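For clarity, every value in this text was computed on a predicted model and none was experimentally measured. Order of the sequence lines fixes the chain letters, A, B, ..., with proteins taken first and strands second; residue numbering starts at 1 for each chain. When reading the values below, keep in mind they use all heavy atoms of this one structure, side chains included, and skip hydrogens, waters and symmetry mates.
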Amino acid sequence: MSLIQHSTNHIHLLQIHALILKTSLDVDIVVLTKLLGKMFSQSTLIGYDLSYARKLFDIIPQPDTFMFNTMIRGYLKSNKPEDCLSLFMRMCRQDGVCIDSFSLSVVLQSCGRSVDCKNGKYLHAQSLKLGFGSDLFVQTALIEMYGRFGLVEVSRKVFDEIKDPDCISCNVMLAEYVRVREMGLAREFFDKMSDRDLVSWNTMIHGYASTGDVESAQDLFDTSTRKDVVSWTSMIAACAKSRCSSNALKLFHEMQLSNVVPDQVTMVSVLCACGDIGALGMGKTIHEYIKRSSIELDIRLSTSLVDMYAKCGDIDNAVSCFKQMRKKDVFAWSAMIMGLANHGYGEAALDLFSKMISEGTKPNDITFIGVLTACSHIGLVDKGWTYFNAMSDVYGIPPKIEHYGNMIDILGRAGRLQEARELIRSMPFKPDAVIWRALLGACKIYRNVELAEEAMVKLVAIEPDVDGNFVLLSNVYSQAKQWHKVVNVRRIIKNNKIHRIPGSSSIEVGNVIVEFIAGDKSHLQSDQIYKMLSEIMHRLKEAGYEPLTTSVLQDVDEKEKETLLAHHSEKLAIAFGILNTAPGVPIRIVKNLRVCDDCHSAIKIISIIYNRKIIIRDRNRFHHFVAGTCSCKDYW
DNA sequence: CTAGGGTTAG
């Protein structure tokens with residue numbers, strides 16, 4: 001008994017359980033219920049843990065109401081609505097066991113979570129019949145249930161019938177408004193609440209965050225006088241999700257300064273932010289922290305680690321975290337497949353996909369994004385088609401426009417432009433900008449001016465002011481040596497106030513991210529950086545490098561074009577990296593746009609001259625430059 | 001009994 005009371009680790013509890021089974025100890029029902037309850041109070045039980053709990057339940061000759069309630073609540077918490085319902089039914093039939101308001105509230109919640117309207121409404125009627133119509137537990141469960149059914153007005157009606165609503169029932173009502181994204185109604189309700197607790201505030205903060213209204217979330221967060229780990233995590237998650245990642249990391253820092261201890265949920269959002277901006281050092285620090293602390297490495301946190309390492313260019317650590325996972329679900333597999341694909345390990349990604357299938361995890365539409373990306377990056381056209389067709393034929397997943405986009409990319413990069421064009425024509429979606437840009441990009445590689453112009457016409461109709469599209473078109477013309485058309489594109493960009501997205505590259509040194517834009521002179525070390533850069537350029541030329549000035553859009557002389565190329569953000573970041581890291585240490589760069597052809601060939605040589613591994617994450621994929629070659633094998 | 005978390009075409 002004391003063992004059970006003091007155990008906080010569920011593996012430990014399972015051991016105690018095994019001991020009871022093995023020794024056939026004559027333990028009484030109170031002890032068993034305690035053990036069962038304790039098992040469920042440790043995070044959410046999954047898979048075999050849950051069946052252990054059930055085994056324990058089943059050895060009890062005559063479970064009482066409390067025991068039944070513990071078990072059905074366990075099923076609710078473990079997201080097993082069918083089991084919850086069927087055990088509840090057995091409970092109803094069992095002599096000497098009576099249904100109380102707790103049992104009813106659990107099973108009503110369960111119907112809500114599984115959107116089981118039929119049973120839900122039936123059980124609602126039964127609760128009224130049994131005289132639980134004005135029980136607060138039951139009423140609260142009903143609010144939640146109807147909310148999950150999408151009937152928030154019915155929830156409100158139930159709420160209005162409560163004579164003396166407590167804070168929890170108000171919070172549940174508030175949460176249902178938030179769930180259906182009715183932030184106006186939620187705010188009105190929140191403002192009228194007489195006593196609001198932390199949960200009410202946190203529900204609102206999360207509500208704003210989930211609608212993408214980070215500003216309102218922040219306002220509310222700033223006005224709240226008490227902030228716990230959930231408040232901070234909601235705010236950090238809001239920033240991470242809306243990709244204000246450095247803000248997320250700043251908040252995490254502030255959180256620690258205010259002595260609120262992060263938990264595994266916080267870490268997931270922090271790692272997400274690290275992955276977004278490629279903050280590997282920070283990510284590693286978090287990983288170390290997790291290992292040192294008692295934070296539980298659950299399936300979501302592990303997936304975040306895998307994803308963070310992959311997005312930060314450290315694929316080896318991503319793989320090792322993935323291998324250490326005790327249980328893997330479709331999220332974990334998909335994250336790993338995507339990571340491998342983006343690093344150019346297409347075969348490994350596809351092997352992993354097969355392994356996932358053979359181990360019994362069903363893929364989803366996102367898994368196939370990873371699978372098709374793998375095919376795209378290593379040029380597997382036929383395999384791409386096979387997987388694309390298998391999606392609907394074998395797995396019953398209808399391809400979305402994203403999958404068509406992937407397929408068009410696969411075909412285009414492989415030079416099968418007409419096939420790509422035909423797929424756009426035949427697909428059941430209206431082609432979007434991404435689709436046309438994929439085709440345009442392929443036209444650039446294969447110098448197809450005619451198709452490029454067609455794609456550009458469509459593209460301009462959707463995105464009239466995106467400079468990248470014009471840059472692509474201009475590159476098509478310069479590849480095809482149609483200089484008069486290049487001049488024309490330049491004129492359009494100049495005269496039409498085309499919005500220019502500056503290329504920027506960032507690099508992390510000592511856990512600090514430093515960002516460069518082309519021609520950047522703002523850094524304190526600027527003089528040194530440019531000195532380094534001219535040394536690099538000098539040595540590059542000695543090694544036979546020739547600047548690819550034809551890709552420069554500005555109308556300036558040759559010398560000036562060379563300078564512009566030399567000052568591209570990724571080159572600045574590399575110069576900074578060589579200056580500020582020890583010899584031999586890999587240099588990792590994150591770029592917001594795609595690496596240009598000139599930088600790509602220059603960096604290959606830099607990797608030889610300076611004997612450095614240079615890892616660049618661009619908009620599209622990873623490039624690992626080692627000893628003069630790139631992992632993309634120039635197929636990008 | 002109520003609040004926060006993971007994979008997503010270019």
- [ ] Indicate, yes or no, whether a donor-acceptor pair under 3.5 Å links the base of B/dG6 to the side chain of A/Thr303.
- [x] yes
TODO: Could you check how far CG of A/Leu123 sits from C1' of B/dC1, rounded to whole Å?
DONE: 17 Å
- [ ] Check if the side chain of A/Asn202 and the base of B/dA3 share a donor-acceptor pair of N or O atoms closer than 3.5 Å.
- [x] yes
TODO: Mind calculating the distance between CG (A/Leu136) and C1' (B/dT2) to the nearest angstrom?
DONE: 11 Å
Open item on the list: With a 4.0 Å cutoff (strictly under), does any side-chain N or O of A/His206 reach OP1 or OP2 of B/dG5?
Closed with: yes
Task: Distance in angstrom units between A/Asn69 CG and B/dC1 P, rounded - done: 11 Å
- [ ] Look at the side-chain N and O atoms of A/Lys241 and state whether any lies under 4.0 Å from the OP1 or OP2 oxygen of B/dG5.
- [x] yes
- [ ] Hey, can you tell me if A/Tyr395 and A/Phe353 have their rings parallel, tilted or perpendicular (30° and 60° cut-offs)?
- [x] perpendicular
TODO: Spell out yes or no: do the side chain of A/Asp432 and the base of B/dA9 have one donor N/O and one acceptor N/O closer than 3.5 Å?
DONE: yes
Open item on the list: Looking at A/Asp298 and B/dG6, is any side-chain donor or acceptor paired with a base atom of the opposite kind under 3.5 Å?
Closed with: no
Task: Residue A/Asp329, side-chain atoms from C-beta onward, closest of B/dG6, B/dA3, B/dC1 - done: B/dG6
Open item on the list: Distance check needed: B/dG5 C1' versus A/Ile290 CD1, whole Å only.
Closed with: 12 Å
TODO: Ignoring backbone atoms, establish whether A/Lys77 has a side-chain N or O less than 4.0 Å from OP1 or OP2 of B/dT2.
DONE: no
Open item on the list: From C-beta outward on A/Ser334, which listed nucleotide comes closest to its side chain: B/dT7, B/dA3, B/dC1?
Closed with: B/dT7
Task: Side-chain-base donor-acceptor pair under 3.5 Å for A/Ser304 and B/dG6 - done: no
Open item on the list: I'd like to know if A/Asp263 reaches the base of B/dG5 with its side chain such that a donor and an acceptor end up less than 3.5 angstrom apart.
Closed with: no
- [ ] When you get a sec, tell me which of B/dT2, B/dC1, B/dT7 is the closest nucleotide to the side chain of A/Asp197?
- [x] B/dT2
Open item on the list: Tell me the interatomic distance from A/Asp307, atom CG, to B/dG5, atom P, rounded to whole angstroms.
Closed with: 16 Å
TODO: Starting at atom CZ of A/Phe66, determine the distance to atom C1' of B/dC1, rounded to an integer number of angstrom.
DONE: 14 Å
- [ ] Step through it carefully: locate the ring centre of A/Phe388, locate the ring centre of A/Tyr404, and say whether they are under 6.0 Å apart.
- [x] yes
Task: Parallel, tilted or perpendicular: rings of A/Tyr345 and A/His343 (30°, 60°) - done: parallel
- [ ] Begin with the C-alpha distance, continue with both residues' side-chain angles, and end with the deciding distance and a verdict on side-chain hydrogen bond (donor to acceptor under 3.5 Å, both in side chains) for A/Tyr309 and A/His287.
- [x] CA-CA 10 Å; A/Tyr309 277 120; A/His287 191 185; 2.8 Å; yes
TODO: Supply the atom-to-atom distance A/Asp213 CG to A/Met183 CE, rounded to the nearest 0.5 angstrom.
DONE: 7.5 Å
